[in-house]
Amino acid sequence: MSNQDLLKRRSAAVPRGIATATPVFADRAENAEIWDIEGRRYIDFAGGIAVLNVGHRHPRVIAAVREQLDRFSHTAFQVMAYESYVALAERLNALAPFSAPAQTILFTTGAEATENAIKVARAATGRTGIIAFVGGFHGRTALASAMTGKVSPYKRQFGPALPDVFHVPLPTATNGITVEASLQALDFLFSADVHPDHVAAIMIEPVQGEGGFHVAPPELLRALRSLCDRHGIVLIVDEVQSGFARTGRMFAIEHSGVEPDLVCIAKSLAGGFPLSGLIGRRDLLDRVDPGGLGGTYGGSPIGCVAALAVLDVIAEEKLVPRAEAIGVRLSERIAAWGQRNDLLPISPPRGLGAMIAFDVCARRGDAEGDGAAAKAVCARAFDQGLIVLSCGTQGESIRILVPLTANDALIDEGMAVLEEALSVVASTE
């Protein structure tokens with residue numbers, strides 16, 4: 001069996017609507033390395049799109065899952081509950097980035113987390129309006145894609161988006177948007193399209209994921225908190241990609257000191273097993289009647305024990321400070337690349353902790369991004385054994401999501417490959 005054979009089978013059996021970044025098929029993986037079915041090794045700077053903060057197949061996670069499989073794999077929490085769900089909720093409540101009493105409900109996907117956050121906000125406020133940010137990504141289901149602040153490929157072919165969802169720009173230096181301009185756009189929105197007393201929630205990623213790893217400025221988050229308090233609006237932070245030590249805090253919102261009302265979680269929560277959740281103020285979550293929230297697979301016992309192991313690993317292996325150290329290592333090297341004329345022009349690095357990205361620019365000294373060039377860099381890196389992904393509104397950003405359990409030697413090896421992929425010589429081959 002070869003990668004080419006499987007590509008042919010995939011083409012016939014799987015619709016092209018689900019894209020795959022690389023033309024190979026995985027056979028096995030350990031920590032921050034993957035081997036394809038033909039035996040070729042790759043360094044993993046994608047982490048399953050921010051799912052593997054504790055690496056592939058962490059022994060603690062695998063041991064917990066094996067033990068659970070010997071007991072039971074599914075009951076549906078709504079039919080017969082199990083201790084691991086309650087234990088995980090207790091652990092997450094203790095980690096909640098707000099001071100009010102917390103509760104947690106568990107689901108399966110990130111989109112379920114964001115959509116259920118809106119359900120809770122609407123039930124608690126009796127309102128329906130939602131405000132999100134340009135460039136934000138909140139999932140591909142109907143309401144989640146309506147909240148996502150990017151048309152192609154998430155909305156373009158699917159008809160009208162669900163109503164009562166509004167977008168304002170996120171302050172970014174790349175786009176020349178200041179905090180003042182973003183808040184002014186919010187004022188214009190309140191004047192032209194939706195009154196604050198119609199708005200149930202404002203949803204924001206503390207660090208945009210698909211949008212290019214742009215960090216929401218603390219002064220913006222403080223202004224949103226004040227506005228929400230003034231108008232009775234629920235402040236929701238989407239930590240699906242930025243949570244669980246990735247940014248050098250358990251949750252990225254902690255960098256700002258701002259307390260949200262609801263926190264959407266998924267991805268690295270369970271170390272590669274499907275699990276998501278919503279951590280929120282108890283007084284908000286308890287506004288939903290029994291049966292109003294849930295899902296057949298939500299809070300799977302396999303995912304719950306995996307997540308409990310992940311939280312142990314983060315604490316015991318000190319992955320929060322490790323993320324800070326990785327981020328410094330990555331940022332220093334990327335910043336040095338930006339001073340060189342033998343590499344493609346790039347922006348300075350940005351992000352928090354080990355959630356780092358940079359743009360491939362159209363011209364040296366110009367902030368305009370070049371999505372085609374970034375895609376080519378990722379392809380060249382892959383050819384040399386590195387899996388790395390692009391993102392951004394035009395695909396111009398290269399993001400690094402290496403597992404936090406990777407050692408420095410492996411990270412340096414991957415960065416050397418990325419440096420070579422950025423070389424002007426390579427770009428003209």
Side-chain angles (χ1 to χ4, degrees), residues 77-78 81 85-86 88-133 136-148 162-166 194 196-206 221 224-225 227-240 242-243 251 253 258-267 269 275-299 303 307:
F77 190 75
Q78 294 104 307
Y85 188 119
V86 177
L88 180 57
E90 290 170 338
R91 293 278 297 273
L92 293 170
N93 293 342
L95 293 169
F98 50 81
S99 54
Q103 288 185 327
T104 294
I105 181 170
L106 300 171
F107 306 105
T108 307
T109 68
E112 284 182 276
T114 59
E115 292 214 4
N116 277 279
I118 297 303
K119 289 172 65 175
V120 169
R122 285 175 166 175
T125 63
R127 308 171 184 177
T128 58
I130 306 159
I131 297 172
F133 285 81
F137 180 83
H138 304 292
R140 288 181 172 87
T141 50
L143 178 55
S145 62
M147 292 188 290
T148 291
L162 293 179
D164 252 5
V165 178
F166 308 90
V194 59
D197 65 13
H198 183 75
V199 176
I202 295 176
M203 181 173 292
I204 188 168
E205 295 169 284
L221 295 169
L224 294 179
R225 179 70 274 174
L227 184 149
C228 288
D229 290 341
R230 189 162 65 251
H231 295 291
I233 298 169
V234 176
L235 180 60
I236 305 170
V237 292
D238 180 344
E239 294 267 7
V240 167
S242 59
F251 300 108
I253 191 67
V258 171
E259 294 193 5
D261 300 309
L262 300 173
V263 184
C264 303
I265 55 175
K267 288 191 180 287
L269 168 61
L275 188 69
S276 67
L278 179 64
I279 310 169
R281 284 172 33 205
R282 180 184 300 171
D283 62 308
L284 295 177
L285 286 167
D286 271 348
R287 295 291 295 274
V288 180
D289 293 334
L293 302 173
T296 301
Y297 296 107

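These numbers come from the heavy atoms of this one structure, side chains and all, not from hydrogens, waters or symmetry mates. A quick note: this is a predicted structure, and the numbers were derived from the prediction, not measured.
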Go through the steps to decide whether Glu205 and Ser242 satisfy the test side chain to side chain contact (heavy atoms under 4.5 Å, CB included), and finish with yes or no. CA-CA 8 Å; Glu205 295 169 284; Ser242 59; over 6 Å; no
Side chains of [X] and [Y]: does their closest heavy-atom pair fall under 4.5 Å?
{"X": "Ile279", "Y": "Glu239", "value": "no"}
{"X": "Leu235", "Y": "Arg225", "value": "yes"}
{"X": "Cys228", "Y": "Val234", "value": "no"}
{"X": "Ile130", "Y": "Met147", "value": "yes"}
{"X": "Leu269", "Y": "Val240", "value": "no"}
{"X": "Asp261", "Y": "Ile236", "value": "no"}
{"X": "Cys264", "Y": "Val237", "value": "no"}
{"X": "Val120", "Y": "Arg287", "value": "no"}

Please determine, by modelled atom types, if Glu115 and Thr141 share a side-chain donor-acceptor pair under 3.5 angstrom.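 There is such a pair between these side chains.
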Does a donor on one side chain and an acceptor on the other come within less than 3.5 Å for Asp164 and Thr128?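 Yes, Thr128 and Asp164 have a side-chain donor paired with an acceptor closer than 3.5 Å.
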Tell me the closest heavy-atom pair linking [X] and [Y], and the distance in Å.
{"X": "Ser276", "Y": "Glu112", "value": "OG-CB, 4.4 Å"}
{"X": "Leu262", "Y": "Ala117", "value": "CD1-O, 3.5 Å"}
{"X": "Ala123", "Y": "Val288", "value": "CB-CG2, 3.9 Å"}
{"X": "Gly277", "Y": "Ala113", "value": "O-CB, 3.4 Å"}
{"X": "Lys119", "Y": "Gly292", "value": "NZ-O, 3.1 Å"}
{"X": "Pro97", "Y": "Pro260", "value": "O-CD, 3.4 Å"}

Would you check, one step at a time, whether the test side chain to side chain contact (heavy atoms under 4.5 Å, CB included) holds for His198 with Arg127? CA-CA 5 Å; His198 183 75; Arg127 308 171 184 177; 5.6 Å; no
When you look at Ile131 and Val165, which way does the side chain to side chain contact (heavy atoms under 4.5 Å, CB included) test go after all the steps? CA-CA 6 Å; Ile131 297 172; Val165 178; over 6 Å; no
From [atom1] ([X]) to [atom2] ([Y]), nearest 0.5 Å:
{"X": "Thr125", "Y": "His231", "atom1": "OG1", "atom2": "NE2", "value": "14.0 Å"}
{"X": "Phe251", "Y": "Phe98", "atom1": "CZ", "atom2": "CZ", "value": "9.0 Å"}
{"X": "Glu259", "Y": "Ile253", "atom1": "CD", "atom2": "CD1", "value": "10.0 Å"}
{"X": "Arg281", "Y": "Asp286", "atom1": "CZ", "atom2": "CG", "value": "11.5 Å"}
{"X": "Ile105", "Y": "Phe77", "atom1": "CD1", "atom2": "CZ", "value": "9.0 Å"}
{"X": "Leu95", "Y": "Thr104", "atom1": "CG", "atom2": "OG1", "value": "9.0 Å"}

Quick check against the 3.5 Å criterion: does Tyr85 have a side-chain atom that pairs as donor or acceptor with the backbone of Leu106? yes
Please confirm whether the backbone N or O of Ala144 pairs with a side-chain atom of Thr114, one donor and one acceptor, at under 3.5 Å?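 Checking the backbone N and O of Ala144 against the side chain of Thr114, no donor-acceptor pair under 3.5 Å is found.
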Worked check of side chain to side chain contact (heavy atoms under 4.5 Å, CB included) between Leu278 and Leu285: CA-CA 9 Å; Leu278 179 64; Leu285 286 167; 3.9 Å; yes
Within a 6.0 Å radius of atom CZ on Phe166, are there more than 12 heavy atoms belonging to other residues, nucleotides or ligands?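 Yes.
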